[in-house]
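To keep things clear, I will list the structure first and then write my remarks on it.
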Amino acid sequence: MLGTVTGMTTEPAAFADWASARTLSEHIAVLARALSTRSLGCESVPVQAALGRVLASDLRAPLSLPAFDNSQMDGFALASAQTPGRFTVEGMIPAGAGADASRSPSVSSPSSSLPLVVPIMTGAPVPPGADAVVPVEETEGFDAPSITVDAVEAGRFVRPAGSDIEVGETALPADTVLHPAALGLVSALGLTEVRVRRRPRVLLVTGGDEVVAPGGELRAGQIFDANTTLLRAVLAESGAQEAGSLTVDDTVDDFRTALARAVRECAPDLILTSGGISAGRFEVVRQAFAPGAQVGEGVTADEGIDAQVGFGSVAMQPGGPQGVGVVHAADAVIPVVCFPGNPVSTWTSAQLLLRRAFKDAWGVGRPLPQVQAMLTEDIPSLPGKTQVRRVRLSQEGAQLQVRALPGTSSHLLARAVDANAFLLVPAGRGTIPAGEELTAVVLQEE
Ligand SMILES: Nc1nc2c(c(=O)[nH]1)N[C@H]1C(S)=C(S)[C@@H](COP(=O)(O)OP(=O)(O)OC[C@H]3O[C@@H](n4cnc5c(N)ncnc54)[C@H](O)[C@@H]3O)O[C@H]1N2
Ligand code: MOO
């Protein structure tokens, strides 16, 4: 249901053209277009700091794995062609014996009347002439001067050089999200750094006279700021990082002044705002980004911000009011994304819209996975907009089932925290009956 975008431009485009409500996919495409005005580039990071980062280009193996034929078992290396029979035991090849391999006896040039076997440990290089290994349990043991061996096929318990990956092959393709096994492979290949996409640095902006930082003192009518923390956490899960955060009151001049200064100080790749964008008299974000808005007092025109931000609606609930565009500030073009202030609206917007746009525009992060799940009860739909219900997904036998949590309003954050998925209830379907399958977006695998 949520789409991807192709054919993006790197030029700032006209974002103000937003007459009718957009679908989620249409809006994701516009978000990605705004983000694409800024190029992130790549950086090298130490392997130990690369978990979750996105590989910038194909990583080719600088060596083969295994680098040499080696034993898969503790046992005896031998020439399979000489089996079955009795063998003299000679020498010892521990793992790591490569430097001394010339001192290992060659099984093809025996020093006794019997053919030779050489004790060999798991991971040790197979000596010249040997092509198979017999596990010690199948013999008289390591202390015996000679052992009897049944017929053995060539290659038994030998791990050939390059059987995992050959030198020059692609070990990890570009865009791999580096997970623990991928990082293990990077180290197995002897590399200490990886080239990854740079993480977007995001300036978080919350506005409103009523919003107070947690730990502060609430006056009548005020609330604690939930959204900065919530967005910071979504960013951390989405391959982005916080460049700074700003809490501003409802004074438009103060907002523009503070924003211009913060942009100069932290040079963000994205300005992400929450609140202040709908239809009220004190919509500080919307007013501050309005075409022709005055630059704040104490800030010269050169230091100010010149905004091309469009505001309109996306046919979803919660998360209907949205804004997107770019600002020109501090000699740079910086994308701007504006979310509605209700905490569940901000959360839904970040998870469903921004994560996908990060991936489409910058190739970073991981959009949340989508699954089909069966309704366990009738679910009402809304005319003209997708409703995003907070739900519990559970696996019942072969069937993924979904149970809606109570409450659809966007202030119900406490009721939403138990959700492990969002259910996308399609627009205009009346009451959708139990038993039908709908798309759910998975928040947490459990
Ligand atoms: N006449 C109309 N009124 C509203 C409409 C509309 O279409 N016409 N849309 C409603 C919808 S839907 C939403 S969503 C909100 C969006 O409003 P804003 O983006 O302007 O956000 P605010 O008015 O600033 O705040 C909304 C709500 O959220 C609280 N809030 C704001 N910031 C935070 C924060 N950082 N942490 C916690 N809570 C926050 C704020 O106190 C408000 O209660 O508009 C509807 N109105
Ligand atoms: O669209 Mo608003 O986000 O429902 O509360």
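Read the numbers this way: they start at 1 and go in the same order the structure lists the ligands and their atoms.
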Counting only heavy atoms closer than 4.0 Å, does ligand 1 sit against the backbone of [X], its side chain, both, or neither?
X	value
H411	neither
I223	side chain
S345	side chain
N227	both
P343	side chain
P340	both
I277	both

When you compare the side chains of [X] and [Y], does any donor N or O come within less than 3.5 Å of an acceptor on the partner?
X	Y	result
Q399	E437	yes
T122	Q72	no
Q387	S381	no

Close approach of [X] to ligand 1, heavy atoms, under 4.0 angstrom:
X	result
S274	no
P318	no
G320	no

For atom 1 (O) of ligand 2, which candidate among G320, S278, P340 holds the nearest heavy atom?
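When every heavy atom of G320, S278, P340 is considered, G320 comes closest to atom 1 (O) of ligand 2.
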
Minimum non-hydrogen distance to atom 5 (O) of ligand 2, winning option of S410, S349, P321, P343:
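It is S410 whose heavy atom sits nearest to atom 5 (O) of ligand 2.
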
Are any of the N or O atoms of F339 closer than 3.5 Å to those of ligand 1?
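N/O-N/O distance below 3.5 Å does not exist for this pair.
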
Would you call the rings of F311 and F289 parallel, tilted or perpendicular, where under 30° means parallel and over 60° means perpendicular?
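Aromatic pair F311/F289 classed parallel.
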
